[in-house]
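First up is the structure itself, then whatever we jot down about it.
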Amino acid sequence: MRMTSLLLPTEREAPADAEALSHVLGVRAGLIRQLGAGLWTWLPAGWRVHERAVGIIREEMNAIGGQEVLIPVLQPRDLWRRTGRGDLDEQFRLEDRKGSEMVLAMTHEEPMTFHMAQLVRSYRDLPKILYQFQTKGRDEPRPRAGVLRTREFIMKDAYSFDRDADGLEESYARHITAYDRIFDRAGLEWYRVESDVGMMGGSGAHEYMAPCPAGENEVALAPGYAANVEVASAEPQPVQLPAPSAAPQEVSTPGLTTVDQVSGHLGVPAGALLKAFPVVGETSGRLTLVLVRGDHRVNEVKLRNHLGEPVRAAHPAEIAAQIGPVGFIGPVGAQVPVVADLAIAQTGQGGWVAGANRPDAHLTGVEPGRDFAFEAADVRTVEEGDLVGGVPLRIEPAIEVGNIFRLGTRYSEPLGATFLDEAGVERPIVMGSYGIGPARIAAATIEQRADESGISWPRALAPWQVHVVALGKGAGPERDAAEVLYEQLLAAGIEALFDDRDAGAGEKFADAELLGCPLRITVGRRSLEEGHAEAQGRRSAVTLPGVPLGDGAVAAVTDLLAQLA
RNA sequence: CGGGGCGUGGCGCAGCCUGGUAGCGCACCUGCUUUGGGAGCAGGGGGUCGCCGGUUCGAAUCCGGCCGCCCCGACCA
């Protein structure tokens with residue numbers, strides 16, 4: 001591709017509203033442009049990257065027996081009502097001219113299962129893996145960071161159909177194989193982490209996380225351990241409790257309502273406090289008092305999974321009516337169920353500090369079990385430095401680039417996707433679903449590999465393998481030699497971008513570094529006289545061996561490319 | 001949805017407080033010079049100042065309403 005004809009609007013300055021690196025560089029390098037909140041257009045160079053990611057995914061999905069299909073984005077809302085998903089907040093809804101209710105697909109479990117319900121009759125029709133690359137519409141509460149979280153995006157979504165749980169395990173394992181290869185080939189640093197299965201039930205799920213500063217998730221990492229912080233468990237760091245006493249002692253803590261104030265006033269570590277967090281079940285309406293250590297935070301995902309329903313923080317009025325004065329509540333004497341985090345329950349010690357359920361007062365010397373009844377559960381968020389297998393945990397922000405999910409019969413049952421087994425018994429198909437966001441692969445790659453000058457693509461994702469820069473404005477020997485080299489590369493099937501613009505050397509180099517093709521070949525007066533062009537890898541400042549012009553050029557470039565990642 | 005911020009040529013911004021000819025840098029067009037790290041000189045084109053309404057002789061500027069976009073949080077099967 002010649003840059004004189006390419007639509008590549010590079011910018012010297014970052015857009016004022018861009019924060020994330022992938023957002024800034026995506027716009028500056030001319031890959032993407034914004035149409036509206038969470039709505040992004042892929043320009044030619046950016047789309048080439050996206051399609052390279054798609055190509056890798058397609059190859060690996062085919063390699064595990066996946067079959068590619070294409071399902072409409074526009075769908076009857078009724079289908080979604082049948083699975084109880086006709087009213088989701090994130091769902092784009094519309095009507096056709098006849099007034100029929102339609103939705104834009106957020107994902108494609110419903111239509112996929114709908115088809116399979118009609119097409120699968122017998123256990124002989126299973127297993128199957130079907131996938132597609134298709135647009136998803138999600139009315140996100142807050143789109144952000146360029147293409148990282150958008151309201152419309154392309155997802156590779158795959159669905160597995162098996163006769164039983166063992167079959168699902170096999171399909172699930174195949175996807176792990178494919179996904180591991182996909183993210184390796186894309187050149188990402190990634191982790192496969194345990195993730196929340198949500199309220200959908202199912203027997204487990206994993207997310208593929210690419211660490212990067214703009215990530216919206218947090219992953220907890222230790223050797224041999226990787227989990228989304230939403231579900232991560234670890235051994236807490238110890239805390240020195242004050243000496244126990246025979247019975248709780250009331251102490252005056254006037255106006256002291258925060259953990260810091262109380263621990264400072266009493267001269268005890270924050271971790272010696274029992275932080276009381278009253279929650280109300282969204283469906284049951286039941287109030288529960290959750291206790292975590294004063295230096296810990298309640299993990300709402302783990303809490304929700306433990307209680308079996310979503311929860312919200314209790315309102316001050318509810319707290320005052322059922323437990324005690326806000327700021328001074330505690331488990332002792334509280335007439336509500338108490339859930340104590342394992343970091344408290346497992347110590348078996350006394351000496352804790354808790355609210356006294358009386359204004360301006362706390363209790364010291366509190367001992368769980370003796371002074372109040374509780375149910376023990378792991379409901380806290382892990383902290384950096386907590387131990388897993390004796391090794392301190394670290395926590396990193398990451399982008400979710402893919403997920404794999406055991407669905408079970410969540411969709412096959414309501415949509416009547418069944419088959420007859422050998423015994424003639426009708427059974428629901430056991431399903432899995434598996435997503436990957438190619439745009440997030442591109443964004444995560446930018447985040448992980450960019451430097452001060454711009455993007456640095458791995459060969460697997462680069463929009464072009466070679467960026468040929470002709471120096472010298474207008475016609476001249478450099479331009480002629482570069483022209484010949486460019487044509488040779490094209491003829492040899494090497495994807496090359498040719499900077500044939502009448503621009504200064506600095507501008508051409510700056511644009512080449514911004515765009516980040518793996519190999520830059522410069523044809524300039526300096527080396528032309530000796531009959532060669534200069535080669536520069538994007539990732540290193542080291543000048544590579546020169547490329548001879550003429551017959552050996554293609555072979556030399558091929559060699560250089562082989563040395564680059 | 002709560003909090004904060006911003007809307008002025010393609011991009012980045014000033015002007016608004018204190019109403020009176022819409023400005024700067026980059027980019028763009030023409031010519032000449034220049035040509036290995038975002039060139040110089042000269043000339044030139046391009047803006048409903050987000051939208052609607054109000055105040056005023058006069059509104060980018062003041063007032064009201066609306067819309068859009070960004071950031072933080074909530075949220076994100």
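Residue numbers start from 1 in every chain, and the chains themselves are labelled A, B, ... in the order their sequence lines are given, proteins ahead of strands.
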Practice item. Name the nucleic acid region contacted by Ala470(A), choosing base, sugar-phosphate or nothing; use a 4.0 angstrom heavy-atom cut-off, strictly under. Key: nothing

Would you list the protein and nucleotides 6-12 of chain B atom pairs, both N or O, that sit under 3.5 Å from each other?
from: rG12(B); atom 1: OP1; to: Ala16(A); atom 2: N; distance (Å): 3.0
from: rG12(B); atom 1: O2'; to: Glu13(A); atom 2: OE1; distance (Å): 3.0

Check your understanding: With distance as the sole criterion, is a donor-acceptor pair present between the side chains of Asp500(A) and Thr4(A) under 3.5 Å?
Key -> yes

Exercise for review: Please state the C1' separation for the pair rU48(B) and rC52(B) - nearest whole angstrom.
Suggested key: 13 Å

**Study point:** Minimum-distance nucleotide (side-chain atoms of Arg12(A) versus rA77(B), rG38(B), rC69(B))
**Key:** rG38(B)

**Study point:** rC24(B) pairs with, by Watson-Crick or G-U criteria that keep both distances under 3.5 Å
**Key:** rG12(B)

Review point. Watson-Crick or G-U wobble partner for rU18(B), using a 3.5 Å limit on both distances?
Key: none

Review point. Using purine N1 to pyrimidine N3 plus N6-O4 or O6-N4 for Watson-Crick, or N1-O2 and O6-N3 for G-U wobble, both under 3.5 Å, which nucleotide pairs with rU48(B)?
Key: none

Exercise for review: With P as the reference atom in both, quote the distance from rG12(B) to rG53(B) in angstrom, rounded to an integer.
Suggested key: 29 Å

Check your understanding: Does a salt bridge link Arg149(A) with Glu90(A), judged by any charged N lying under 4.0 Å from a carboxylate O?
Key -> no

Check your understanding: Pick the nucleotide of RNA chain B nearest each of Ala18(A) and Glu109(A); which residue has the one closer to the 5' end?
Key -> Ala18(A)

Review point. Do Asp89(A) and Arg138(A) meet the salt-bridge criterion of a basic N to acidic O distance under 4.0 Å?
Key: no

Practice item. Look at Arg85(A) together with Glu109(A) and state whether they make a salt bridge at an N to O cut-off of under 4.0 Å. Key: yes

Check your understanding: Between rG38(B) atom P and Arg28(A) atom CZ, what is the distance in whole Å?
Key -> 15 Å

Study note, to complete from the structure: In whole angstroms, the gap separating P of rC1(B) from CG of Asp89(A) amounts to 11 Å

Exercise for review: Measure the distance from CG on Leu8(A) to C1' on rA27(B) and round it to the nearest whole Å.
Suggested key: 15 Å

Review point. What pairs of residues pass the salt bridge (charged side-chain N to carboxylate O under 4.0 Å, His left out) test when at least one of them lies in residues 510-527 of chain A, not counting sequence neighbours?
Key: Arg501(A)-Asp511(A), Glu513(A)-Arg520(A)

Point to revise | Contact pattern, 5' to 3', of nucleotides 31-37 of chain B - B, S or - by protein heavy atom under 4.0 Å | key: ----BBB

Review point. Starting at CZ of Arg501(A) and ending at C1' of rA39(B), how long is that distance when rounded to a whole Å?
Key: 15 Å

Review point. Considering only the P atoms, how many Å lie between rG40(B) and rU35(B), rounded to the nearest integer?
Key: 14 Å

Exercise for review: State whether Tyr172(A) and Arg406(A) meet the cation-pi test: NZ (Lys) or CZ (Arg) under 6.0 Å from the six-membered ring centroid, and within 45° of the perpendicular axis.
Suggested key: yes

Review point. Is it the case that Glu400(A) and Asn217(A) place a side-chain donor and acceptor less than 3.5 Å from each other?
Key: no

Practice item. Between rU18(B) and rU56(B), how far apart are the C1' atoms? Round to whole Å, please. Key: 16 Å

Revision key, fill the gap. As its Watson-Crick or G-U partner within any shown strand, both distances under 3.5 Å, rG68(B) has rC6(B)

Check your understanding: What nucleic acid atoms does Asp511(A) come within less than 4.0 Å of, heavy atoms only: base, sugar-phosphate, or nothing?
Key -> base

Check your understanding: Counting only heavy atoms not in Arg2(A), do more than 12 sit closer than 6.0 Å to its CZ atom?
Key -> yes

Review point. Once you round to the nearest 0.5 Å, how far does CD1 of Ile176(A) lie from CD of Glu169(A)?
Key: 8.5 Å

Review point. Considering only the P atoms, how many Å lie between rA14(B) and rG7(B), rounded to the nearest integer?
Key: 7 Å

Point to revise | Geometric class of the Tyr159(A)/Phe161(A) ring pair [parallel <30°, tilted 30-60°, perpendicular >60°] | key: tilted

Tabulate protein N/O versus nucleotide N/O from nucleotides 41-47 of chain B, keeping only pairs under 3.5 Å, one per line.
none

Practice item. Using whole Å, report how far CG of Asp502(A) lies from P of rG38(B). Key: 18 Å

Review point. Should the pair Arg479(A)-Asp502(A) be classified as a salt bridge under the 4.0 Å nitrogen-to-oxygen rule?
Key: yes

Review point. With no hydrogens and no angle check, is any side-chain donor or acceptor of Lys302(A) less than 3.5 Å from a backbone partner on Ala232(A)?
Key: yes

Practice item. For rA77(B), take OP1 and OP2 only and decide whether either is under 4.0 Å from a side-chain N or O of Gln91(A). Key: no

Review point. C1' atom, rC29(B) versus rG45(B): distance in rounded Å?
Key: 7 Å

**Study point:** Watson-Crick or G-U counterpart of rG73(B), or none if no pair lies under 3.5 Å
**Key:** rC1(B)

Check your understanding: To the nearest 0.5 Å, what is the distance between CD (Glu101(A)) and CZ (Arg81(A))?
Key -> 4.5 Å

Exercise for review: Would you check if there is a donor-acceptor pair between the side chains of His108(A) and Gln132(A) at a distance under 3.5 Å?
Suggested key: yes

Review point. If you measure from the P atom in rG46(B) to the same atom in rC24(B), how many Å do you get, rounded?
Key: 14 Å

Taking distance alone, no hydrogens or angles, what donor-acceptor pairs closer than 3.5 Å link side-chain atoms of residues 13-25 of chain A to residues at least two apart or in another chain?
from: Ser22(A); atom 1: OG; to: Glu447(A); atom 2: OE2; distance (Å): 2.8

All N/O contacts under 3.5 Å from nucleotides 72-76 of chain B to the protein, with atom names and distances to one decimal?
from: rC72(B); atom 1: OP2; to: Arg142(A); atom 2: NH1; distance (Å): 3.1
from: rC72(B); atom 1: OP2; to: Arg142(A); atom 2: NH2; distance (Å): 2.4
from: rC76(B); atom 1: O2'; to: Arg149(A); atom 2: NH1; distance (Å): 3.4
from: rC76(B); atom 1: O2; to: Arg149(A); atom 2: NE; distance (Å): 3.4
from: rC76(B); atom 1: O2; to: Arg149(A); atom 2: NH1; distance (Å): 3.3
from: rC76(B); atom 1: O2; to: Arg149(A); atom 2: NH2; distance (Å): 2.4

**Study point:** Donor-acceptor contact present, side-chain Glu384(A) to main-chain Ile395(A), <3.5 Å
**Key:** yes

Practice item. Between rC1(B) and rC76(B), how far apart are the C1' atoms? Round to whole Å, please. Key: 14 Å

Exercise for review: Could you check which nucleotide pairs with rG31(B) in any of the strands shown, counting Watson-Crick or G-U wobble with both distances under 3.5 Å?
Suggested key: rC41(B)

